[in-house]
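Taking it in order: structure first as structure tokens, then the write-up.
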Amino acid sequence: MAVTTTKTPLTGLARMLVLEGLLSEQDAQQAIQTAQDNKVALVAHLVDKKLVSGREVAHAASAEFGVPVIDINAVDIDPEAVKLVKEEVIRRHHALPLFKRGSRLFIAISDPTNLKALDEIRFQVGGTTEPILVEEDKLNKVMEKALEATESGLGDMDDAGLDDLEGLDVGLDQKEDKAEDSDIDDAPVVRFVNKVLLDAIKKGASDLHFEPYEKTFRVRLRIDGILTELAKPPVALANKIAARIKVMSRLDVSERRVPQDGRIKLKVSKNKAIDFRVSTCPTLYGEKVVLRILDSDSSRLSIDVLGYEEDQKKIYLENLQKPYGMFLVTGPTGSGKTVSLYTGINILNTIDINISTAEDPVEINLPGVNQVQVDEKTGMTFAKALKAFLRQDPDVILVGEIRDLETASIAVKAAQTGHMVMSTLHTNDGPQTLTRLMDMGVPPFAVATTINLIIAQRLTRKLCTNCKRPVEIPADALRAEGFTEAQLATNFRVYQAVGCDMCNGGYKGRTGIYQVMPISDSMKRLIMEGANAITLADQAQKEGVPNIRQSALKKVMDGITSIEEINSVTME
């Protein structure tokens, strides 16, 4: 006798999804069983496996159970409300307190059938709970940020909240004088600052800003070139936090009227330390403190991960091995010039080569390289450092930046006398670098005979490979962006940013876009004839050297970044 199995009748949310045509009955039955086996909520399983989108689930649940749907990203979450419920309860039930009105605590949930969550939270807080329906995927991101802020002590704390601040002991590569300011060292502010620094490292930030205003005080991070707000501590703590950072970086705590510069070394493990370059600046309502995060690992990046195209990488390496001449990198502040130069220095840093650098400031310590800190106050200028290098038998000289005619003239003479000179300038592209040197007063003949290669660069955010989505763009619009007919004939796909739990607004990490311009014989003749930047740029195009915009379009064709992103860092 055959045994027949009967399917469990669908109810609630699963039934509504099937009736709406968002899910087949078979998939719904299987999803319910899998969710039960894995002990996860049905909504979480459906969205995680991309069986149904978070938006579709939310609206179907709203129609079924009569619970209003809101966009959680548009809600100003009260950190004090989050603190009312234990983190373990929030995570277990996937229910986030948003704010409190009188005795009612409003809870963001993605599964309105989870009555157990509301009951447990109601029992814990001793009041009434009011469910608000939100999208599952958005709830995930917001919940992590809210919990991270509260557990790090980064929410809108009051002075009492600081007493319970949980922090991490972080080793400092310096001895601090506790007698200098006992209030600073004894306060929980110490743990607060340490935790903020660690959070900045974990998030992959490049800069950390502490900004005091008249009625507010905020902490911001720059991640992948974009500033985002991390915390808003009480404004009363602004001076204490600034003083703590100044103690860590060996600055004068009592001096608040003039800018100061210092360094912090944070030991995050036995074998790894992160350097912070600290800059303070007096503002109307206190001292703004900015920390540049310097990870020595970034200086040892392989050229293969910097974003050079294969032909650009070949030109880079060929010119790096030349015995003399100038190797220049140009671009705006924050475009990755230092990493490009340090990558080259690491390739050249062998036992048989003497390398000396003059930098302002020395950002990353490079073993085996003689690094000099430029300091205008003591008279140690780039020019003076260069003169000293030439008396010390160098093979390779790195000048942090060519700022004036004296520095440029000595660098050119060094390149003419058998040394490889590497440096940076602040110009927009390769041709403008040539005219900039001539405008500074360097003779055209010297420019033409000493410069081997100019690399102009920008940094652009990379699309998240987990969530990027193809988008249809008319051919006329692509032509307007600068794509050629030959490129359009390849039928490449253009992608756009979406956003998910694994990225920041659809982007994750950055890559370089480059104009790698070797100085050809034809280019040298134009330089000696006094050609302007436009004429030099035309010659570079004739020689097949892509400009910054063309290199950026190639990154779009390869699916690495979006048109919106390259438009923000390059011009047509």
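Keep in mind the model is a prediction, meaning the values are calculated, not measured.
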Gap between atom [atom2] of [Y] and atom [atom1] of [X] - 0.5 Å precision:
{"X": "Ile560", "Y": "Thr465", "atom1": "CD1", "atom2": "OG1", "result": "11.5 Å"}
{"X": "Leu341", "Y": "Thr338", "atom1": "CG", "atom2": "OG1", "result": "6.5 Å"}
{"X": "Ile355", "Y": "Leu398", "atom1": "CD1", "atom2": "CG", "result": "9.0 Å"}
{"X": "His209", "Y": "Ser279", "atom1": "NE2", "atom2": "OG", "result": "10.0 Å"}
{"X": "Glu529", "Y": "Thr535", "atom1": "CD", "atom2": "OG1", "result": "10.0 Å"}
{"X": "Leu328", "Y": "Thr424", "atom1": "CG", "atom2": "OG1", "result": "8.5 Å"}

Considering only heavy atoms from C-beta outward, does the side chain of [X] approach that of [Y] to under 4.5 Å?
{"X": "Phe210", "Y": "Leu291", "answer": "yes"}
{"X": "Lys508", "Y": "Asn466", "answer": "no"}
{"X": "Phe389", "Y": "Val372", "answer": "yes"}
{"X": "Met326", "Y": "Val447", "answer": "no"}
{"X": "Val369", "Y": "Val396", "answer": "no"}
{"X": "Thr561", "Y": "Val556", "answer": "yes"}
{"X": "Ile527", "Y": "Ile519", "answer": "yes"}
{"X": "Gln432", "Y": "Thr330", "answer": "no"}

Would you find a donor on one side and an acceptor on the other, under 3.5 Å apart, between the side chain of [X] and the backbone of [Y]?
{"X": "Thr417", "Y": "Ala414", "value": "yes"}
{"X": "Gln373", "Y": "Val362", "value": "yes"}
{"X": "Arg458", "Y": "Asn428", "value": "yes"}
{"X": "Asp224", "Y": "Gly509", "value": "yes"}
{"X": "Gln541", "Y": "Val545", "value": "yes"}
{"X": "Asp360", "Y": "Phe382", "value": "no"}
{"X": "Lys203", "Y": "Ile223", "value": "no"}
{"X": "Lys138", "Y": "Asp71", "value": "no"}
{"X": "Tyr308", "Y": "Val516", "value": "no"}

Salt bridge (charged side-chain N to carboxylate O under 4.0 Å, His left out) assessment of Arg479 paired with Asp476: CA-CA 5 Å; Arg479 289 188 190 96; Asp476 288 342; 2.6 Å; yes
In chain order, what residues pass the side chain to side chain donor-acceptor pair (under 3.5 Å) check against Asn349, with sequence neighbours excluded? none
Please enumerate all residues that pass side chain to side chain donor-acceptor pair (under 3.5 Å) together with Glu401, with sequence neighbours excluded. Arg403
Hydrogens and angles aside, do [X] and [Y] bring a side-chain donor and acceptor to less than 3.5 Å of each other?
{"X": "Asp404", "Y": "Thr407", "result": "yes"}
{"X": "Glu359", "Y": "Gln371", "result": "yes"}
{"X": "Thr343", "Y": "Asn346", "result": "no"}
{"X": "Ser206", "Y": "Arg222", "result": "no"}
{"X": "Ser340", "Y": "Gln457", "result": "yes"}

Do other residues, nucleotides or ligands put more than 12 heavy atoms under 6.0 Å from the [atom1] atom of [X]?
{"X": "Ile534", "atom1": "CD1", "value": "no"}
{"X": "Lys524", "atom1": "NZ", "value": "yes"}
{"X": "Met502", "atom1": "CE", "value": "no"}
{"X": "Tyr324", "atom1": "OH", "value": "no"}
{"X": "Lys555", "atom1": "NZ", "value": "yes"}
{"X": "Arg436", "atom1": "CZ", "value": "no"}

Thinking salt bridges, do [X] and [Y] make one under a 4.0 Å N-O criterion?
{"X": "Arg510", "Y": "Glu565", "value": "no"}
{"X": "Lys232", "Y": "Glu211", "value": "no"}
{"X": "Glu481", "Y": "Arg549", "value": "yes"}

Please find the pair of heavy atoms, one from Pro470 and one from Arg493, that lie closest to each other, and give the distance. CG-NH2, 3.3 Å
Not counting sequence neighbours, which residues clear salt bridge (Lys or Arg N to Asp or Glu O under 4.0 Å) with Glu472? List them please. none
Would you please classify the geometry between the Tyr316 ring and the Phe327 ring as parallel, tilted or perpendicular, with 30° and 60° separating the classes? perpendicular
Member of Asp207, Asp261, Asp275 meeting the salt bridge (charged side-chain N to carboxylate O under 4.0 Å, His left out) criterion with Arg292: Asp207
For Asp558 and Lys554: C-alpha separation, side-chain torsions, deciding distance, then whether salt bridge (charged side-chain N to carboxylate O under 4.0 Å, His left out) applies. CA-CA 6 Å; Asp558 292 339; Lys554 179 67 165 58; 2.8 Å; yes
List the steps and the verdict of side-chain contact (heavy atoms from CB on, under 4.5 Å) for Ser551 and Gln312. CA-CA 10 Å; Ser551 293; Gln312 293 177 334; 3.5 Å; yes
Determine, step by step, whether Leu294 and Phe276 satisfy the side-chain contact (heavy atoms from CB on, under 4.5 Å) criterion, reporting the C-alpha distance in whole Å, the side-chain angles of both residues, the deciding distance to 0.1 Å, and the verdict. CA-CA 6 Å; Leu294 307 170; Phe276 293 81; over 6 Å; no
